[in-house]
Protein chains: 2
Amino acid sequence: MVEKNAGLALQDDETEIGFKPLYAQVKDQLIRRLVDGTWQPGMALPSEQELARQLRVSQGTVRKALDAMTAENLLVRRQGRGTFVAEPEDARILFQFFRLASDHADSGGAFPESRLLGWSRASADEAEAEALSIASGAPVCRVERIRVLLGKPLLAETIILPLGIFPGFDALDEIPNNVYQLYSSRWGITIAKADERLKAIAAGDADARHLGCAPGEPLLLIRRIARDLEGKPVELRISRCLTRDMHYVANLP
Amino acid sequence: MVEKNAGLALQDDETEIGFKPLYAQVKDQLIRRLVDGTWQPGMALPSEQELARQLRVSQGTVRKALDAMTAENLLVRRQGRGTFVAEPEDARILFQFFRLASDHADSGGAFPESRLLGWSRASADEAEAEALSIASGAPVCRVERIRVLLGKPLLAETIILPLGIFPGFDALDEIPNNVYQLYSSRWGITIAKADERLKAIAAGDADARHLGCAPGEPLLLIRRIARDLEGKPVELRISRCLTRDMHYVANLP
DNA sequence: GAGTGGTCTAGACCACAAA
DNA sequence: TTGTGGTCTAGACCACTCC
């Protein structure tokens, strides 16, 4: 009765080690359609029944793949409406990637404003190349800006982007506040997840000037590597944060 | 054919707003048995079939509850063996709750040693009471210790425990390295999750002396609220970390 | 009313572990 | 061989949304 896992138009690795459950293969197929732009942010996917027919698997298997992708914030499911590709709107990006909050009352979910200091083409140094899995010396664009919340300088950040992945970024006329939305609309790149490393450092002269604090004041250093749908690192971001009245929030697990 | 959700020996809140899916009710039941000690760390649960019979639901519904609990690190499932209550062994606690790593080669998964400075009974101050959801002035035990990795002082930490939850803690003769294991074995309390808040601060004189750094050196301040199976805060821990050669790891999401 | 996702069930076969 | 969890299927009913 139950059909043998025969791949069903899915790439079947029946080799000893390369086995994947059907629902994982389905998930890979669906992610492929996100990567190649078949389904763009905001669009509705076909219904579960329809996907099941197309992929020749049961609805339950499709559901398991969709549920996993929903848990990873790639999709949004709405009962009675359908399943949609997640969009990089401010509210979601803020919630998912911005972990700084006020010590006192919740900062109301305001997206911090940006004061651009400049951006320019450069060559990746050793550390940047390592973090982004590109060749040392490869062309990148470095963006420097100050993030401001409620009129107060909050952090200084440097964004390093490989120009091989974001061609023409260095020639932009301006850079919006929500860059992840720009990555999506202009280059079709979705930031799916990120790893962060945190340290405490002393403020240098430049950061002190920009943030309005004394040189030597303790700052929270955040080094973020952001990854696309396939897990490839596409952005390196280094932030120096004033945490006198703010804190970084982490949940375990 | 399908039986109406009638609670099935589960507490049924069919009131307008209080509805819960069956699998969530099953999960609540299972967690209750963890809380009341029916199933202790390391023990095997009954099989899915058996649980399904006992609770008068289908195996699939039981599975959904077990999968959710496994995702929360409350259970461990082993194919062909069974489902077991997760234990607070060093390796897991290290992986789940210790987010500091060396900047260079992985620190090999070594559990940091502890150098105890002392512990004593005290009264909760405003901030501690607020964090632990207890009355201001309620009895607590404060533990001070230095964590050491590979012979080098890594961080100074203060653990604040409500004596209402851990009676007799202040009268202990000694305190082991892995306190979460002690909470479990001595008081039957499982640390299920924790929230952390991070800041950068300047080292005070005492911390500088203990950590072997200069006063004013930037330290990473971590304030952890650890919660039991029911989400109630049971431990407050404040760590001041030297992050010259270390960093804190966070994953988004 | 038609279509969607959300829940629940029942039963099959598979991979794995232990006796 | 027996029993376990892991996967997959098929079909039912429900709650919700939109026409």
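Heavy atoms only: backbone and side chains are in, while hydrogens, waters and symmetry mates are out. Proteins come first, then strands; the chains are lettered A, B, ... in the order of their sequence lines, and each starts at number 1. No experiment lies behind these values; they were computed from the predicted model shown.
Regarding contacts with the backbone of C/dT7, every side-chain N or O of B/T61 stays at 4.0 angstrom or more from both OP1 and OP2. At D/dT7, one or more side-chain N or O atoms of A/K64 fall inside 4.0 Å of OP1 or OP2 (strictly under the cut-off). An OP1 or OP2 oxygen of D/dC8 is reached within less than 4.0 angstrom by no side-chain nitrogen or oxygen of A/S58. The shortest distance between the side-chain N/O atoms of B/Y23 and the OP1/OP2 oxygens of C/dC8 is not below 4.0 Å.
One atom, CG of A/L22, and another, P of C/dA15, lie 13 Å apart when rounded to the nearest Å. The separation between B/D67 atom CG and D/dG5 atom P is 11 Å, rounded to whole Å. In this structure, CD of A/Q49 is placed 16 Å from P of C/dA2, rounded to the nearest angstrom. Separating the CG atom of A/L75 from the P atom of C/dT4 is a distance of 16 Å, rounded to the nearest angstrom. Taking atom CZ of B/R53 as the reference point, atom C1' of C/dG11 lies 15 Å away to the nearest angstrom. The separation between A/F84 atom CZ and C/dG3 atom C1' is 12 Å, rounded to whole Å. Atom pair A/Q79:CD and D/dT17:P shows a separation of 7 Å (rounding to whole Å applied). Spacing between atom CZ of B/R78 and atom C1' of D/dT4 amounts to 12 Å, rounded to whole angstrom units.
A donor-acceptor pair is defined here as one N or O able to donate and one able to accept, closer than 3.5 Å; such a pair exists between the side chain of B/N178 and the backbone of B/Y180. Side chain of B/D228 to backbone of B/E230: a donor-acceptor contact under 3.5 angstrom is found. Remark: side-chain polar atoms of B/T243 are not paired, donor with acceptor, to backbone N or O of B/M246 under 3.5 angstrom. Using modelled atom types, no side-chain atom of B/R145 and backbone atom of B/I159 make a donor-acceptor pair closer than 3.5 Å.
The listed nucleotides are D/dG6, C/dT4, D/dC8; the one nearest the side chain of B/E48 is D/dG6. Between C/dA18, C/dG5, D/dT7, one nucleotide has an atom nearer to the side chain of B/R81 than all others, and that is C/dA18. Across D/dT4, D/dT9, C/dG5, the shortest atom-to-atom separation from the side chain of A/V57 is found for D/dT9.
If you check distances only, the side chain of B/R77 never reaches the base of D/dG6 with a donor-acceptor pair under 3.5 Å.
Nearest-nucleotide assignment on DNA chain D puts the 5′-proximal partner with B/P46, out of B/P46 and A/G80. Between B/T83 and A/Q59, the residue anchored nearer the 5' end of DNA chain D, judged by the nucleotide with its closest heavy atom, is B/T83.
Residues B/E196 and A/Y248 have side chains that never bring a donor and an acceptor to within less than 3.5 angstrom of each other.
Using a 4.0 Å heavy-atom criterion, one finds that B/R63 contacts the bases of the nucleic acid, with or without backbone contacts as well.
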